[in-house]
Amino acid sequence: MLKVENLNVYYDNIHALKGIDISVNKGEIVCLIGANGAGKTTTLQSISGLIPKKEGSVIFEDKDITKTKANIITKLGIAQVPEGRRVFTGLSVIDNLKLGAFTIKDSQENIQRDIEKIYERFPILKERKNQLAGTLSGGEQQMLAMGRAIMSRPRLILLDEPSMGLSPLFVEKIFEVIKTLKEEGVTILLVEQNANLALSISDRAYVLETGKIVSSGSAKELSEDSSVKEAYLGA
Ligand code: ATP
């Protein structure tokens with residue numbers, strides 16, 4: 001479904017990604033693990049077209065999207081849930097959700113139906129639908145950010161650090177929703193500091209160190225790998 005080859009990204013003269021190769025098959029959850037600054041966020045943002053690529057290619061469903069603009073990439077079926085949520089704090093919950101559907105050409109009724117489905121997934125968002133997003137708790141904002149991404153009816157979701165700063169209860173809820181999305185056929189590329197948690201719901205994983213993939217395999221293999229355990233799993 002997604003094939004990233006020899007991805008090289010620079011921030012001025014900082015060589016942030018040094019030839020990354022990643023593939024994601026339809027229906028999988030694949031996670032990227034690695035320390036702060038390893039290049040996980042940069043990988044997601046360059047796939048979604050937010051950061052220019054210096055070298056390499058990104059193919060999504062057989063289409064070359066290496067040079068495609070971010071809004072077109074969303075239209076093609078890739079949604080990103082950015083680190084730190086980035087909801088529109090001055091807009092209501094419902095308006096944030098409606099904005100998530102900006103690439104969808106469909107009737108208002110069908111878009112309203114999608115919003116109702118988001119409320120079923122996240123009942124708290126229904127209770128808070130007229131509240132400004134900026135007044136929500138961190139966990140609620142994470143739910144809203146995910147709801148907004150789902151509104152674009154993506155086939156692939158790029159999810160950046162969904163557990164960051166959340167209480168265990170919210171983390172559990174968010175990860176339940178990730179599992180449900182997979183069951184519904186959505187493919188997920190997940191970046192997560194909490195490697196134990198990420199590996200527990202992923203099919204496969206890649207380990208990044210200073211802009212390079214140093215290890216990859218099934219989530220089970222990697223969670224049993226001694227160097228991964230030592231560096232990332234607190235063993
Ligand atoms: P974190 O978990 O801390 O977000 P990460 O693995 O997602 O880490 P990136 O944020 O992708 O890592 O950063 C990769 C490298 O690129 C780091 O060396 C970082 O300092 C650098 N970098 C990231 N964003 C910028 C930027 N806007 N300008 C300059 N350098 C940047």
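Side chains are part of it too, since the values below use all heavy atoms of this structure and drop only hydrogens, waters and symmetry mates. Counting starts at 1 for both ligands and their atoms, following the listed order. Quick caveat, the model's predicted, so the values are computed rather than measured.
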message = Within the structure, is a non-hydrogen atom of Gly211 found at a distance of less than 4.0 Å from ligand 1?
response = no
Looking only at non-hydrogen atoms, the one of Asp160, Thr42, Leu44 nearest atom 11 (O) of ligand 1 is Thr42
Atom 3 (O) of ligand 1: closest protein heavy atom, distance to 0.1 Å, is Asn36 OD1, 3.2 Å
shortest atom 12 (O) of ligand 1-to-protein heavy-atom contact is with Gly39 N, 3.1 Å
Sub-3.5 Å N/O-N/O distance, Lys40 and ligand 1:
yes
Ligand 1 atoms nearer than 4.0 angstrom to some heavy atom of Ala38 are 5 (P), 6 (O), 12 (O)
| said: My question is simple, although I want it checked carefully: is atom 5 (P) of ligand 1 less than 4.0 angstrom from any protein heavy atom? | reply: yes
Between Gln108 and Gln112, a side-chain donor and acceptor under 3.5 Å: no
Please check this pair: side chain of Lys40 against backbone of Ala35, looking for a donor-acceptor N/O pair closer than 3.5 Å. yes
Do side-chain atoms of Arg153 reach the backbone of Asp114 as a donor and acceptor pair under 3.5 angstrom? no
A student checking ligand 1 against Glu161 at a 4.0 Å heavy-atom cut-off should list atoms 2 (O)
In this structure, atom 29 (C) of ligand 1 is nearest to the protein heavy atom Tyr11 CB, 3.4 Å
**Asked** Can a non-hydrogen atom of Gly34 be found less than 4.0 Å from any atom of ligand 1?
**Response** no
Could you tell me whether the side chain of Lys53 and the main chain of Thr66 form a donor-acceptor pair under 3.5 Å? yes
Taking only non-hydrogen atoms of Glu83, do any sit less than 4.0 angstrom from ligand 1? yes
Note to self: Can you confirm whether Ile78 sits close enough to Ile65 that some side-chain heavy atom of one is under 4.5 Å from a side-chain heavy atom of the other?
What the structure shows: yes
Of Gly37, Ala35, Ala16, the one whose closest heavy atom lies nearest atom 18 (O) of ligand 1 is Gly37
From the list Ile174, Asn194, Val191, side-chain contact (heavy atoms from CB on, under 4.5 Å) with Pro162 holds only for Ile174
Worksheet item: So, are Lys179 and Glu183 salt-bridged, with charged N and O less than 4.0 Å apart?
Response: no
Regarding Arg121 and Glu184, does a basic nitrogen lie under 4.0 Å from an acidic carboxylate oxygen? yes
For Gln193, the atoms of ligand 1 under 4.0 Å from one of its heavy atoms are 2 (O)
re atom 10 (O) of ligand 1, the protein heavy-atom contact at minimum distance is Thr41 CB, 3.8 Å
Item to check | Pairing of Glu120 and Lys117 as salt bridge, 4.0 angstrom limit | outcome: no
*Is atom 15 (C) of ligand 1 less than 4.0 angstrom from some protein heavy atom?*
yes
So, Tyr206 versus Thr43: side-chain donor-acceptor pair below 3.5 Å or not? no
